[in-house]
Amino acid sequence: MDIKKLVSEMTLEEKAGMCSGADFWHLKEVKRLGIPGVMVSDGPHGLRKQDTEGDHLGINDSIKAVCFPAGCATASSFDRELIKNMGEVIGDECQAEDVSVVLGPAVNIKRSPLCGRNFEYLSEDPFLAGEMATSYINGVQSRKVGVSIKHFALNNQEHERMSGSSEADERTIREIYLAPFENAVRNASPWTVMCSYNRVNGEFASENEWLLTKVLRDEWGFGGYVVSDWGAVNDRVKGVAAGLDLEMPSSGGDNDRLIVEAVKNGTLSEKKLDETVERILNIVFEYVENKKGGEFDRKLDHERSAHIAEECMVLLKNDGNILPLAPGEKVAFIGGFAAKPRFQGGGSSHINCYTISDILTETKDNANITYAEGFPADRDETDENKFAEAIDAARKADKVVIFAGLPDSFESEGYDRQHMRLPECQNRLIGEIAAVNENVVVVLHNGSPVEMSWIDNVKGVIDAYLGGEGVGIALKRILYGEVNPSGHLAETFPLRLEDTPCYIDFPGKGGKVYYSERVFVGYRYYEARQMDVLFPFGHGLSYTTFKIDNLRIERSGIRDTDKVTVSVDVTNTGAVKGKEVVQLYVSDKTGTQLRPVKELKGFAKVELEPGETKSVAMQLDYRSFAYYSVELGDWFAPGGKYEILVGDSSANICVSEEIDIEATKRLPFKVDETTTFGEMFIYPELAAFINDNLLKDNVLFGNSEEEQTDAAAEAISDDMSKAMMNYMPLRALRSFGNMTNEQLQGIIGTLNNILEREEK
Ligand code: BGC
């Protein structure tokens, strides 16, 4: 299809009409030109296709579909291939149901554990979130169905999500919050991007030219269309000019009319409108021309969903190898979540499941299992009779497994969590059961971290997260050792809410939320402050043990533009087959800029038979070493030493080694009267000149060393004067160094000449 020609045949009204939906889920058709009205649907972890009454909060029914594990779970798999496969299956389902774009993945960074929508989001770490999103997109789009990566950008809370402004500095925005989008746009070319509801530094994302055009298209090369989050449009004409292509849902024609008016009165150029329509139609026809149809095999996809779930669950604690359970052990299952597992979150991602598996049904043939509800799954309610029954069952059993978690109302799209605790009834019963049986395992169904006041009194904890409709099958396989758990945390579990990086600045007041912790989000913060956490980022146990050793860095020194391969050997040192998640972190030792202690820059999941060793290779590139320099307006990797660290969690580094990076870029730097000696000392060539010509006689602190009296030396030692010198501006030479203005200007000129020579 020649899209440009098609656009040239459209009337102004038809073009404006193309820029908003026909209804809740369809784009408009233009019959006379053969433009069909294609459908889009939520997303992200399965299809929420509403055939009849549409809504964006998951209130009305949608077709029966398959619910895969939510983002909080899938990110914990650390398995790119698995997530790609899940994307392929969802893409096939879209083809079967004639859906052109699935609304996901959702890659907003988990800034606070309280964000109501964390269950849908992937990680606190931008590299992990970006890699998982890229794999998902490559999977879906391989089926010629588009994605809508969302919510662009800085939508990290639900409080005032449609009106509030996320206030952050550019370095933080780029390094933490935009990075997952950038990774996906550069490596997976998503067909569409969904802009968020909120404002970014005062400007609505839906009319933010810097975000939607300068960064997204001009810098990253995005070629698809930008769609508004449902109802995110504020000023429609401004939005078109800024790069917002499609408004969803329909605005009843009102905003289309404003676009027509704006073109007619010259406030919006028709060329801009044409480009907008072209971008939308490119994607519409990409789908239409590759439509394959097919079957939606719900039964098969249910089993696939269970398989994905078992690869995601995280074994957080397993003292004395309390798990796996043996089929012959007398086990008491306790907690409402055993019969009614929570496996997805509330809101627009809510799927009408074809079927749901639960652990009780999955284990019904095992006569050694008893069940007592103890507490309900959907509310915080203590029933003393049910408590007594549960405690009695626990007393009689060899082991107890408590199925706990967050009720739906505790976390959802649309509002944030009030606290980080489980319901009181659950905390109390877990404590009381641990007092009568020392072999307690807790299985959690949650979309984000919870405090665990009882952690020292239980031997095992599994985080099933929100495992999708196959959760019961997956849990049975993991609890009974048919599958070895291999998930690792994609987020830190803090000890207390008060410990979290943005505790003070979340969710903000008066329409603004300040991202004052800057790049120190998640483990970047806890590590910088050397704080204890409940479970660190990247943590996850297995029924076997692993050894990571023999770190090899391809070369000990590289230019920043070179790629470098880092390899380690991983050995299964236990008795059963298992999967290890190898994590590579980079630590900047150059001291040039304030940076996190270390940052995740590579990972791999590897399966090993008992006794088997495999070599795992991961590649680092420029961005693995760089931070975003606002002065340079670009990514910058300072020259000097970096440490490469490899382990199986952020807190368990097994091997490390240094590498030397030679920088090919320089930060813009010019010397003037206010430049300090410290700033100049960073540049070896300036340091050499200053030492040889200006500091020989210790001009700033009195006489030269030979002439110094004992009293003077006692007042200011050599070390002290050197330290003070760092903060002296060059003009101090005039005040304390007997230098004339003319001499000072001469020296500034010489220093700048030296810098220019080096730059060439
Ligand atoms: C959500 C989006 C969703 C859209 C359509 C909005 O409320 O923020 O994530 O895709 O509704 O349901």
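Both ligands and their constituent atoms are indexed starting at 1 by order of listing. Quick note: numbers below take in every heavy atom, side chains included, and nothing from hydrogens, waters or symmetry partners.
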Tell me, yes or no, whether the heavy-atom count around E295 atom CD, taken from other residues, nucleotides or ligands under 6.0 Å, exceeds 12. no
Give the contacting part of R161 toward ligand 1: side chain, backbone, both or neither, where contact means a heavy-atom distance below 4.0 Å. side chain
Ligand-side contact atoms (ligand 1) for residue partner L103, heavy atom cut-off under 4.0 Å: 10 (O)
Has R298 got its NZ or CZ under 6.0 Å from the middle of the six-membered ring of F296, at an angle within 45 degrees of the ring axis? yes
Which of the atoms in ligand 1, numbered in the order shown and given with their element, are less than 4.0 Å from a heavy-atom of E413? 1 (C), 6 (C), 7 (O), 8 (O)
Location of contacts on E120 toward ligand 1, heavy atoms closer than 4.0 Å: neither
Out of the candidates F410, F343, F337, only one should pair with H445 under the ring pair (Phe, Tyr, Trp, His ring centres under 6.0 Å) rule; please name it. F337
Can a non-hydrogen atom of M248 be found less than 4.0 Å from any atom of ligand 1? no
Step through the shown structure and confirm whether more than 12 heavy atoms of other residues, nucleotides or ligands are within 6.0 Å of CD1 on I504. no
Would you say the ring centers of F520 and Y525 fall short of 6.0 Å from each other? no
If we only consider heavy atoms of R48, is any one of them less than 4.0 Å away from an atom in ligand 1? yes
Could you walk me through whether D358 and K340 pass the salt bridge (charged side-chain N to carboxylate O under 4.0 Å, His left out) test, one step at a time? CA-CA 7 Å; D358 66 80; K340 275 185 155 206; over 6 Å; no
Give the numbers and elements of all ligand 1 atoms closer than 4.0 Å to a heavy atom of M194. 10 (O)
Answer yes or no: are there more than 12 heavy-atom neighbours, outside E13 itself, under 6.0 Å from its atom CD? yes
Applying a 4.0 Å heavy-atom criterion (strictly less than), which segment of W25 is in contact with ligand 1: side chain, backbone, both, or neither? side chain
Check: D61 side chain, I63 main-chain N or O, donor-acceptor pair, under 3.5 Å: no
Give the residue and atom name of whichever protein heavy atom lies nearest to atom 12 (O) of ligand 1, and the separation in Å to one decimal. D42 OD2, 2.5 Å
How far is atom 11 (O) of ligand 1 from the closest protein heavy atom, and which atom is that? H56 CB, 3.3 Å
Among all the protein's non-hydrogen atoms, which is closest to atom 2 (C) of ligand 1, and how far away is it? D229 OD1, 3.3 Å
Taking the six-membered ring for Trp, is the centroid-to-centroid distance between F119 and Y465 below 6.0 Å? no
K150: numbered ligand 1 atoms lying under 4.0 Å from its heavy atoms: 2 (C), 3 (C), 9 (O), 10 (O)
Numbered in order shown, the ligand 1 atoms found under 4.0 Å of a heavy atom of H151 are 2 (C), 8 (O), 9 (O)
